[in-house]
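Notes follow the structure.
Below, read A as the first sequence line, B as the second, and so on, with proteins coming before strands; counting in each chain starts at 1.
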Amino acid sequence: MGYVAIKGGGRAIDGAADMLELLRTRQGESGQPLDIETIEKQLYFLHSRIVSEGGLYHPKLAALAIKQSLGDTLEASFALRAYRSTKPRLLETPVHDTTNMRLIRRISASFKDIPGGQMLGPTTDYALRLLRMDLLNESPEQFQAIAKSLFAGLPEHAALDSFPKVLDSLRAEGLLPKVNQATREQPFDITREPLVFPVPRSAALATMARGETGSLLAIAYSNMRGYGDVHPTVAELRVGYLPVMLPHPLTGELTEVGEVLMTECEVVAMYQGDDNNAVPTFTLGYGACFGHNEVKAISMAILDRALQKGMQDGAENPSEDPEFVLLHVDGIDSMGFASHYKMPHYVTFQSDMDRLRTTQQKQEANHE
Amino acid sequence: MIDLIWQAEFQQAAFRCVLEAFSRPGTINTLPECQHNAALAVLATLVDGESSLADPQQLLDNSHWLRLQIKPTAPERAAFIFCQGTRPVDFEPNLGTLASPEHGATLVLTLDALKGGDTAYQLTGPGIETAVLFAPQGLDISWFKQRADWNSAFPLGVDMLLATDEAVLALPRSTQIKEIN
Amino acid sequence: MSNGINFAFLDEYAKREIRRSVIKAICIPGYQVPYSSREMPMGRGFGTGGLQLTLALIGADDTLKVIDQGSDDSVNAVNLRKFIEMTCPGIDTTTHLQEATLIQSRHRIPEQALRADQILVLQVPYPDALVIVEPSEDKRKIMHGEADYSRLLVKLYEDIVKFDEITISHRYPTRINGHYIIDPSPIPRYDVPKLHNSEALILFGAGREKKIYAVPPHCLAEPLAFDDVPFRIEDFTDSHGERRACKLCASQTSFLDEFIDQQGERVYQCSDSDFCEQQQELAHG
């Protein structure tokens with residue numbers, strides 16, 4: 001008898017890959033392979049989540065990642081992230097102003113009437129979560145007919161190209177701290193530098209921007225429920241397409257190279273006095289990520305506020321502790337490590353048994 | 001045809017040579033064929049736009065900087081400092097901090113020869129089984145004097161790589177140097 | 001290159017960053033050098049730190065050995081080896097320790113001594129030995145810099161008071177070159193003495209925790225202990241006081257895996273499969 005579970009590793013891996021491929025294709029002839037564009041368009045929110053957590057805005061490869069991972073969000077983001085490791089960085093964008101976003105949705109919870117107006121856009125917020133049984137058997141014809149009738153009702157110019165930010169009006173009123181241009185640091189690049197604490201706010205924002213949605217939500221929720229006291233108001237949540245500008249390789253002039261779908265959330269929290277008797281103002285939290293991921297952007301904005309408080313006054317709750325939050329929200333890191341416990345640990349377990357047996361023997365000897 | 005030293009395959013082999021040098025301080029390690037320019041080959045292997053390099057004696061020309069995809073940094077802030085070892089020290093390098101000693105600079109010094117010099121030094125420390133002798137030619141005496149100051153509070157300090165046309169020899173901060181007569 | 005993938009997967013910037021970090025790790029023995037740690041196409045925790053080191057080191061003239069739990073044929077070792085073979089055309093792989101120039105391992109240092117022309121890369125899940133006494137990395141970095149390990153020693157001492165033994169079974173804290181204490185990765189205590197005065201360079205890579213550290217050749221490596229409670233390796237003596245032997249090669253010196261055979265008997269085998277096979281070949285001529 002050879003090595004019990006350990007031998008034949010190569011064959012086992014090949015077999016496992018085959019089984020997974022069988023699982024993916026088991027509909028056989030009656031099945032249609034998922035079309036990449038169908039994934040991108042009809043699994044829109046899933047797709048949004050993958051570009052965001054994968055940290056790479058590549059809609060086509062994100063759809064491929066979803067297809068190949070059978071819809072597992074962690075695995076799909078992981079594949080996209082690993083693809084990123086093989087590509088050198090050729091150019092860097094300057095800081096972008098999200099005022100220029102081409103919006104599909106924009107709301108404010110703080111004011112009924114905001115400059116440019118509220119724009120509900122595509123949302124499930126007010127939908128009744130009743131299962132629509134008619135979708136069980138939707139024909140391509142029905143599908144096309146819906147689209148056709150909806151398009152017919154659209155005005156030619158759906159919305160303005162750019163909207164002023166709600167925060168600007170609060171700032172003009174002196175309710176928010178002024179933007180301090182002097183403290184605008186060069187953003188921390190989490191893909192090139194490890195997080196060595198303490199880290200600047202830009203490192204925290206970048207980490208959360210590609211964080212795992214559920215992890216961010218769980219920690220932000222702990223703050224909302226009482227392990228913290230941010231008590232946020234959503235000043236503005238906007239979803240839309242941001243034009244991406246890059247310096248022209250020859251002239252250096254900024255040139256639009258495309259656009260990315262993104263979600264941005266700005267929350268306002270209760271004011272903070274400081275020791276210097278300065279005029280008190282509201283405080284801010286900021287969240288932004290690729291794709292249409294509202295819960296993620298809101299969670300991130302709340303955590304940004306909580307972390308700023310923790311960085312300034314010391315953490316009193318887990319959600320205010322930068323090390324606790326930032327080292328535990330990455331889906332690729334956490335899922336990898338959770339999975340690694342399935343690997344053999346024979347050697348370490350042998351050592352554990354040795355220590356336990358030795359201490360047991362000593363205790364027994366002492367009792368005799 | 002891109003010069004050999006800018007190619008990935010060369011840099012992999014050159015890195016292994018540099019790695020061997022740092023693993024075994026005081027040993028002379030011949031780089032793979034590098035057109036008599038071991039020091040530049042080392043920079044090509046280790047430095048790029050995501051690191052920083054100082055050239056206080058202006059030994060590099062514009063084409064080198066373009067190839068390295070980097071702009072010169074002041075020696076006080078640079079991760080790598082490139083100098084002729086035959087000239088005296090005239091800067092204060094970054095020594096790192098207690099929490100981040102890896103920020104202590106790497107000095108790449110050019111020399112005519114790594115053996116046969118008049119003064120011999122005994123090296124001990126990690127990477128050296130008992131002791132090894134080292135007699136560089138033409139190294140200005142200020143370097144080891146300064147090195148002793150810079151490296152007086154381990155883990156802070158600088159790491160040195162001495163390069164001739166063809167070969168390199170490393171003196172990490174963990175190496176103890178004693179002059180022998 | 002097949003699939004349009006770079007030789008050794010990583011782009012050249014990523015390799016250079018790892019190479020710079022490795023050199024600092026050697027210059028400051030036992031210090032955990034932070035690096036950016038790219039995402040690899042296998043799970044964090046499956047050896048991505050070791051893998052990134054291997055990929056930054058490897059060249060077409062290398063011969064690679066990959067082991068997990070001492071075995072070349074465990075699923076994870078096979079998986080890593082296949083990936084490296086796929087992305088590094090031209091390299092050789094081997095299961096024979098003596099043929100290898102580069103060895104990547106999880107949880108073991110090979111049974112036989114390494115040579116000066118070999119490099120051992122160990123995969124690390126938890127790089128910091130201080131994590132059991134201090135959760136904040138910010139504070140741990142200062143403690144390491146000052147070589148302030150008093151709280152770790154207190155922890156060991158409390159163990160002795162409570163159990164009359166140091167209960168740390170693997171990942172045994174080991175002091176390198178008289179300064180930094182490392183987590184030597186989950187190798188058994190049996191392997192810890194091999195870190196001391198090793199002929200080969202030993203590199204440690206933690207992918208998820210983004211750290212690289214090193215034990216240079218011929219470097220002092222001392223497992224923590226007290227004068228009256230010495231460091232002890234795993235005990236393989238049976239109830240008659242005899243050292244247990246491997247049931248395949250009869251070695252009475254190797255680290256053993258214990259398992260229950262189909263008759264329900266507890267049996268022991270070498271954990272290092274290459275060593276075990278070489279011993280069997282020697283015995284049968």
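Most heavy-atom pairs under 4.5 Å with chain A, from the set M40(C), R106(C), M42(C): that is R106(C). Interface check for chain C: of the options A338(A), A82(A), P194(A), the most heavy-atom pairs under 4.5 Å are formed by P194(A). Listed options L356(A), D354(A), V196(A) were ranked by heavy-atom pairs under 4.5 angstrom with chain C; first place goes to D354(A). Of the listed residues (Q363(A), R89(A), R357(A)), the one with the most heavy-atom contacts under 4.5 Å to chain C is R357(A). For chain C, the option among P88(A), S85(A), S339(A) with the highest count of heavy-atom pairs below 4.5 Å is S85(A). In terms of heavy-atom pairs under 4.5 Å with chain C, the best-connected choice from D333(A), T359(A), T191(A), N366(A) is D333(A).
In this structure, chain C has no heavy atom under 4.5 Å from any part of M335(A). Heavy atoms closer than 4.5 Å to chain C are found in the backbone of E193(A), but not in its side chain. For T86(A), the parts lying under 4.5 angstrom from a heavy atom of chain C are both the backbone and the side chain. If you measure heavy-atom distances from F337(A) to chain C, the contacts under 4.5 Å come from both the backbone and the side chain. Heavy atoms closer than 4.5 Å to chain C are found in both the backbone and the side chain of R192(A). Neither the backbone nor the side chain of K139(C) comes within contact range of chain A; no heavy atom of the residue lies under 4.5 Å from a heavy atom of that chain. Only the side chain of F255(C) comes within less than 4.5 Å of a heavy atom of chain A; its backbone N, CA, C and O stay farther away. For Y341(A), the part lying near chain C is the side chain, with the backbone staying farther off; criterion is any non-hydrogen pair under 4.5 Å. Heavy-atom distances place the side chain of Y13(C), and not its backbone, under 4.5 Å from chain A.
Taking the six-membered ring where tryptophan is involved, the planes of H345(A) and H340(A) are perpendicular, since the angle between them exceeds 60° and thus also 30°.
K194(C) and D191(C) are joined by a salt bridge, as a carboxylate oxygen and a charged side-chain nitrogen come within less than 4.0 angstrom of each other. Under the 4.0 Å criterion applied to side-chain N and carboxylate O atoms, E134(C) and R140(C) are not assigned as salt-bridge partners. Using a 4.0 Å cut-off between a side-chain N of Lys or Arg and a carboxylate O of Asp or Glu, K87(A) and D11(C) do not qualify as a salt bridge. Residues R244(C) and D238(C) are not paired through a salt bridge, judged by the lack of any N-O separation under 4.0 Å between the basic side chain and the carboxylate. For E323(A) and K141(C), the salt-bridge test fails: no basic side-chain N is under 4.0 Å from an acidic carboxylate O.
Qualifying salt bridge (charged side-chain N to carboxylate O under 4.0 Å, His left out) partners for E316(A), counting only residues two or more places apart in sequence or in other chains: none. Residues passing the side-chain contact (heavy atoms from CB on, under 4.5 Å) test with A76(A) are I50(A), A65(A), I66(A), S69(A), sequence neighbours excluded.
The number of heavy atoms from other shown groups lying within 6.0 Å of NZ (K82(C)) is above 12.
With D261(C) contributing its side chain and G264(C) its backbone, the two residues share a donor-acceptor pair below 3.5 Å.
Residue pairs meeting the salt bridge (Lys or Arg N to Asp or Glu O under 4.0 Å) criterion with at least one member in residues 195-216 of chain A, sequence neighbours excluded: R49(A)-E212(A), R201(A)-D304(A), R210(A)-E39(C).
Close approach to chain A, defined as a heavy atom under 4.5 Å from one of its heavy atoms, is seen in E17(C) of residues 14-21 of chain C, taken by number.
If you check the side chains of Q123(C) and S105(C), you find no donor sitting under 3.5 Å from an acceptor.
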Criterion side chain to side chain donor-acceptor pair (under 3.5 Å) on N293(A) and S48(A), from CA distance to verdict
CA-CA 7 Å; N293(A) 303 287; S48(A) 269; 4.7 Å; no
